[in-house]
Amino acid sequence: MFKQLKARFGSSLSVGIIAIIGIWLIGMVILPQLIMVDYSFRPNLLPSEIGTDKDTYSLNNYETLFGNSIHLSIFAKTIWSSVLVTILTLVVSYPLAFYLAKVATPGQAALCILLLIIPFWINEILRTFSWYIILAYKGPLNALLLALGLIDRPVRFLSGDGGVMVGMVYAYILFMIFPIYNAIESLDSNQVKAARNLGAGWIRTHYRVIIPHAKPGIATGCIMTFMLAAGSYAVPALLGSPGSRWFTQIIYNWFFEGGDWNQGAAYAFLLLLICIGFIALVMRVFKVGLGDIAR
Amino acid sequence: MDSSVHLDNVVMNFGDFTAVQKTDLKIESGEFFSFLGPSGCGKTTILNMISGFLEPSKGVVKIGGKSMAGVPANKRPTSMIFQNLALFPLMTVAENIEFGLEVRGVSKAERKKTSDRLLELVALEGSGSKKPDELSGGQKQRIAIARALAVEPQVLLLDEPLSALDLKLRQHMRTELKEIQRKTGITFIYITHDQGEALTMSDRVAVMSAGKLQQVADPITLYREPQTSFVASFVGENNPITGVVDAIDGNLVTLNCGVLGKFTGRGIGTISKGQSATLFIRPELLKLGQTGDMSFTARIAEVNFEGSYLTLTALLNQQHAISVQIGAEQYTADLIPDAEIQLSFASQDAVVIAGEGNV
Amino acid sequence: MKSETIMRWGIRFYIGIFFIYLFIPLIIMGAATFNNSRFPTITPWKGATLKWFDALAQDGAMWTALWTSLVVAMGVLLVAVPIGICCALFLSTVQGRGKTFLYSLMMSPLLTPGVIVGISTLIFWKSLSVSGGIMLTVIAQTTFIAAYVMLMVLARLQRFDRTLENAALSLGASQWQTFTRVLLPYLKPAIISACAIAFLQSFENYNTTLFVKGYDTTLTVYIASKVRTGLTPAVNALGLIMISVTVLIAILYEWKRRQEAKRTVSSVQ
Ligand SMILES: Nc1ncnc2c1ncn2[C@@H]1O[C@H](COP(=O)(O)OP(=O)(O)OP(=O)(O)O)[C@@H](O)[C@H]1O
Ligand SMILES: [Mg+2]
């Protein structure tokens, strides 16, 4: 590989390129993850005890999770809710992505994309905060529902997982729309027309022609959304209540309140494994390779 | 200055695949030399070895007598015009032309002089501040030539530079290229799969097929004295008739072509009695009537009027198609499909080459 | 064809609802800034005021956080953009075994939850006795922002015609001259976009920063802490300003992009 690089850029530039990539990949991507995993198998010790015979590898930090029913149920809920958020986001995004790619005129599509990008450029915290205002006990949503007579007492939207999920769908929707939009856009419009001409209904056309073509985009969108949802700290921290904690919040507590980094590392690694598992699952279900993702 | 190019027993392999078989060829200083061959025969590969983008697997390239082994592309006295021209889109026309001088550290004033002179040479004075995108195909073409000439190469390499142009422009550019070559006296090595281009411009042409040189000769020799069946059928139109050698008389070889009859032509290379061989006769050398010493009858299958001439497709013995080209003035009303006609050629006009003639 | 018409109107209706859903929250948040209420809300409306902008201007901690954010974003820009460019150059040049693996590895920070990027960076540098702060924040954010830069630059590189490089070499340019005079100018628009994205990504990052910030506070972290403790409409005022600035940048960026697109289209004709 170096030979190809050298043939194009000369040796000094090639060495520079390799060195910079090496520093990043090894020093920022690989080693930190490895050290984190290593950390998760060690006990939490005082600095003076490190390196003594107490410092042995064990599965203790992982057993904590499976011994703690509250943590375990939060772990399960986080996974389950993230899957739900992913499905919800997909359902909301697909029609829009299809509209942008195949129905809208180029002008309309460009305008819509600009409108979509604007909230995307705005901070996740602010996007979430705006939902905090809307969903508040004395907020506009309750006021509206009361005025319409649909409820007779304000609802505590912010005390369950519902608020968190609404906020997440809102915060991550663009990570779903854009990959699907890109994928559908690359489909030849004539194929859609041909399918329609052959008498296929709209549902059938989507099911048999468009969705198979958009698979890599759907897979990318699902992976991104799930990863962002399961790994989100901001949304549950702002929109959740103490009763609806997210797994990331427990991890945070191990680090900055429990003071047990080893324990936190184990939890973090489990979260990472779940995300990797989800990626593997999606790639299997959609039959796409790693190379197709985020193209 | 000696700007000859010598391919000294050069071979190019890509893995197991041999793109260029052993080639030994000397291109003279100041020559307009073309490589002609079908797509994929290894023309670009040869050019890349001369320019230094590829190192030969075996043998060496010598320019002006000096070995180029290990000399990178940017240190060779060559300059290349690419099939897609490869003008730098972000630079102006003048910057494009001056690029080669700029990287050599030539002063701005000096560079300007050169680009002005070259713009004049290619008849595009005053276009220096335009971007390449603002030029027509033919103008871009000429800028690419000017850019390549600016570095005063000893050898100019041209990889099918006219293939993207329309017919009119292509013919016009042929004359211009030839003119520029005459003015500058640089060795031109020109690649094309268009035989018309090769024949009109070149001093000598090398015909290639599947990585192998078939024949190297000046255009007239190539047309009149093809040395291989490939050259006979690739360069210009030709009618092949295959048979078995029946008699040899001096340079004349007679073939027995079974039901088609017996035909005589000039033998090329070594031919012995009893072996199979092919006779090639060009459509324009076939005459109506009995003017030549080889005459036969055929039935017309098709008549195509092409302006100054006519192309007849005639069937020999109801099966072997032969194409005949006659001047429009020879047209008579009885030249219609199914008419029986008398055809003839002079045996000195036909060539006989050993082999079945299928290429 | 009737079902087609229904379909069309259905989808238009859906688009309308969707954009309302997308913008209502931001509008409500902006509106709440001007409500003369102690809490950020629009119900009940207690009259208009601009006092929360004053309150914001008085907030020294906010200004410190803004400065920290800018420093971090600049740091990330300087580190992540070169890394991303190098990765893109590498991927567009080499062929063969191992390339898919390396590509996946370079993509992996984008598929890793932000909190984990933060945690692994924190632990790794702790083992080298470096604790959280601006420097660690820059490093942690660079880990994944470099991958964004890589994708953006790579997308443009893939449309690059490599014969241009051969043309430069054949004219006698060195490889370095070819790189700086031919390839870099071509990549410039992508690099500028990548800088903008890197800056914004850094500026708005929360999940990763939270773990590596140490005692330094970026603006995003500051806003989040304000939302949870001591919430007043001053936060809305800050949000409104940030939204206005981003919207402005987004529109400018889009406008410039279209200008450019128009220019290339007209020059091709
Ligand atoms: N880098 C390479 N690796 C492997 N094979 C190659 C490489 N470059 C060229 N070839 C093969 O070598 C043969 C000759 O290629 P070359 O480009 O020289 O053809 P050409 O005569 O220029 O054709 P064209 O008229 O289509 O440009 C082709 O079969 C091609 O597939
Ligand atoms: Mg070629």
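Chain letters run A, B, ... following the sequence lines, proteins first and then strands; every chain starts at 1.
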Margin query: side-chain contact (heavy atoms from CB on, under 4.5 Å), that's the test. Do A/I279 and C/L111 meet it? Break it down for me.
Written below: CA-CA 9 Å; A/I279 294 175; C/L111 302 176; 3.9 Å; yes
So for [X], is it side chain, backbone, both, or neither that comes closer than 4.5 Å to the heavy atoms of chain C?
X      : value
A/A143 : side chain
A/Y39  : side chain
A/L174 : neither
A/F175 : side chain
A/L34  : neither
A/L5   : both
A/M224 : side chain
A/Y132 : side chain
A/L115 : both
A/I173 : side chain
A/A104 : neither

Quick one: does [X]'s side chain get under 4.5 Å of [Y]'s, heavy atoms only?
X      : Y      : answer
C/T142 : A/M28  : yes
C/V115 : A/L271 : yes
A/W261 : C/I119 : no

Margin query: Between C/N236 and A/F129, does the side-chain contact (heavy atoms from CB on, under 4.5 Å) criterion hold? Intermediate values first, please.
Written below: CA-CA 9 Å; C/N236 295 62; A/F129 173 52; 3.4 Å; yes
Item checked: For A/R42, all residues meeting salt bridge (charged side-chain N to carboxylate O under 4.0 Å, His left out), sequence neighbours excluded -> A/D38, A/D55
Atom of [X], atom of [Y] and distance for their closest heavy-atom approach:
X      : Y      : value
C/M106 : A/I21  : CE-CG2, 3.6 Å
A/G231 : C/P113 : CA-CB, 3.8 Å
C/Q175 : A/G10  : OE1-CA, 3.0 Å
A/V166 : C/Y21  : O-OH, 4.1 Å

Checklist line | Partners passing side chain to side chain contact (heavy atoms under 4.5 Å, CB included) against A/S241 (at least two apart in sequence or in another chain) | finding: A/S159, A/S244
Notebook entry, point to check: Taking every heavy-atom pair that is under 4.5 Å apart, which of A/G27, A/A234, A/A110 has the most such pairs with chain C?
Noted result: A/A234
Checklist line | From C/C87, C/C86, C/P82, residue fulfilling side-chain contact (heavy atoms from CB on, under 4.5 Å) relative to A/I17 | finding: C/C86
Check: Which residue, C/T41, C/I28, C/I42, forms the side-chain contact (heavy atoms from CB on, under 4.5 Å) with A/I134?
Finding: C/I28
Separation between [atom1] of [X] and [atom2] of [Y], rounded to the nearest 0.5 Å:
X      : Y      : atom1 : atom2 : value
A/I125 : C/T220 : CD1   : OG1   : 6.5 Å
C/F23  : A/S130 : CZ    : OG    : 11.5 Å
A/W24  : C/T143 : CH2   : OG1   : 8.5 Å
A/C112 : C/F19  : SG    : CZ    : 4.0 Å
C/I11  : A/K102 : CD1   : NZ    : 13.0 Å

Margin query: Using the rule given for side-chain contact (heavy atoms from CB on, under 4.5 Å), can you reason through A/M36 versus C/I116, listing the C-alpha separation, both sets of side-chain angles and the distance that settles it, and then say yes or no?
Written below: CA-CA 9 Å; A/M36 181 184 87; C/I116 291 176; 4.0 Å; yes
Next item on the list: Please step through side-chain contact (heavy atoms from CB on, under 4.5 Å) for the pair A/L126 and C/M242, ending with a clear verdict.
Entry: CA-CA 9 Å; A/L126 288 177; C/M242 286 177 70; 4.0 Å; yes
Next item on the list: Using modelled atom types only, decide if a donor and an acceptor are shared between the side chain of A/E124 and the backbone of C/N205 within a distance under 3.5 Å.
Entry: no
Checklist line | Aromatic ring pairing C/F211/A/Y233, orientation class (parallel under 30°, perpendicular over 60°, tilted between) | finding: perpendicular
